[in-house]
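Heads up: the structure comes next, in structure tokens.
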Amino acid sequence: MKLGLAEVYNPSMLPTLRPGDRLLLGYGARVRPGDVLVLRHPFQHDLLIVKRAAERREGGWWVLGDNPRVTNDSREFGVVPDELVVARALLRLRPPRRTPQQRSVLPALPGWLPSAVRPLRARSRRLRAR
């Protein structure tokens, strides 16, 4: 399995992922329901999006964002074919936040470290394909 990095740019996966989070990706990793995926948008193939695999359907994956207010997911564009799945997100890497008054991120490190790196596992509660 090849590894790579990606950055999250929009709020469709809040609260799991925030804009600015980095993702460690596994190319060719097995996809299961609940996994966070990077995939090509079905209508705009040059656009990569991050969504959660809700369930396997005929023709591919039904994917949903974790943020219910953002509907740019399978509710809008339908099933995503397997060939548009680019990678599975393995880890979330959250950069430290710095306030405008801080010259350094060092004071924030003790509070940041415990939440900086998190594995992205399938959700424990059952997903419902809306």
Side-chain angles (χ1 to χ4, degrees):
M1 172 173 52
K2 288 184 176 182
L3 299 177
L5 291 174
E7 184 173 346
V8 176
Y9 287 101
N10 69 46
S12 72
M13 288 297 291
L14 284 171
T16 307
L17 301 172
R18 299 191 299 227
D21 285 352
R22 284 13 177 241
L23 301 175
L24 177 65
L25 304 178
Y27 295 93
R30 182 172 166 246
V31 177
R32 295 176 301 240
D35 287 343
V36 174
L37 305 177
V38 172
L39 44 104
R40 295 192 183 284
H41 193 285
F43 301 147
Q44 194 176 348
H45 291 193
D46 60 335
L47 177 64
L48 295 177
I49 58 176
V50 179
K51 302 295 174 197
R52 190 175 299 276
E55 65 183 30
R56 191 86 178 119
R57 291 196 178 175
E58 184 176 331
W61 286 96
W62 187 264
V63 297
L64 298 170
D66 287 358
N67 185 345
R69 289 188 277 266
V70 178
T71 59
N72 184 19
D73 55 25
S74 286
R75 293 172 290 173
E76 181 180 299
F77 49 70
V79 172
V80 177
D82 291 323
E83 59 269 16
L84 297 183
V85 175
V86 174
R88 187 181 82 194
L90 306 173
L91 291 174
R92 181 206 70 205
L93 310 166
R94 184 159 286 162
R97 293 192 183 259
R98 183 169 62 187
T99 64
Q101 298 82 16
Q102 289 177 311
R103 294 178 181 254
S104 167
V105 296
L106 291 177
L109 284 179
W112 166 77
L113 277 174
S115 68
V117 178
R118 290 277 163 108
L120 288 170
R121 296 193 184 113
R123 283 184 163 175
S124 58
R125 61 186 164 93
R126 209 162 151 75
L127 290 171
R128 286 180 299 188
R130 302 174 259 225

- Message: Tell me whether Arg52 is salt-bridged to Asp66, with the criterion being a basic N under 4.0 Å from an acidic carboxylate O.
- Response: yes
- Under 3.5 Å, side chain of Arg40 to main-chain N/O of Gln44, donor-acceptor pair present? no
- Message: Test of understanding: clusters of I, L, V, M, F, W, Y form through side-chain heavy atoms closer than 4.5 Å, transitively. Do Leu39 and Phe43 belong to the same one?
- Response: yes
- Query: From Asp35 CG over to Trp61 CH2, what is the distance, rounded to the nearest 0.5 angstrom?
  - Reply: 7.5 Å
- Message: Hydrophobic cluster membership, with links at side-chain heavy-atom distances under 4.5 Å among I/L/V/M/F/W/Y: are Val70 and Tyr9 in one?
- Response: no
- Query: Any side-chain heavy atom of Val8 within less than 4.5 Å of one from Leu23?
  - Reply: yes
- Query: Shared ILVMFWY cluster between Leu84 and Phe77, side chains joined below 4.5 angstrom?
  - Reply: yes
- Query: Between Val79 and Glu58, is any pair of side-chain heavy atoms under 4.5 Å apart?
  - Reply: no
- Going hydrophobic residue to hydrophobic residue with side-chain gaps under 4.5 angstrom, can you get from Val86 over to Leu25? yes
- Output for pair (Leu17 CG, Asn67 CG), nearest 0.5 Å, gives 11.0 Å
- Message: What's the separation between atom CG in Leu91 and atom CZ in Arg22, rounded to the nearest 0.5 Å?
- Response: 14.5 Å
- Query: Looking only at heavy atoms, which two atoms of Ala29 and Met1 are closest? And how far apart?
  - Reply: CB-SD, 3.5 Å
- Message: Any side-chain to backbone donor/acceptor pair from Ser74 onto Val63? Under 3.5 Å, distance only.
- Response: yes
- Item | Side-chain heavy-atom pair Ile49, Ser12 within 4.5 angstrom cut-off | no
- Message: How close do Pro19 and Pro11 get, counting heavy atoms only, and between which atoms?
- Response: CG-N, 4.1 Å
- Message: If you compare all heavy atoms of Glu7 against all heavy atoms of Gly20, which two are closest, and at what distance to 0.1 Å?
- Response: OE2-CA, 3.8 Å
- Item | Charged N-O contact under 4.0 Å between Asp73 and Lys51 | no
- Query: In Å and rounded to the nearest 0.5 Å, what is the CG to NE2 distance from Leu48 to His41?
  - Reply: 11.0 Å
- Task: State yes or no: do Leu37 and Val80 share one hydrophobic cluster built from I, L, V, M, F, W and Y residues joined by side-chain heavy-atom distances below 4.5 Å, directly or via other members?
- Result: yes
- Scanning both residues in full, the closest heavy-atom pair of Val50 with Met13 reads O-CG, 3.5 Å
- Query: Can you tell if the side chain of Leu93 reaches within under 4.5 Å of the side chain of Asp21, non-hydrogen atoms only?
  - Reply: no
- Query: If you measure from CZ on Arg57 to CH2 on Trp62, what distance do you get to the nearest 0.5 Å?
  - Reply: 4.5 Å
- Distance in Å, Leu90 CG paired with Leu120 CG, rounded so as to fall on 0.5 Å steps: 8.0 Å
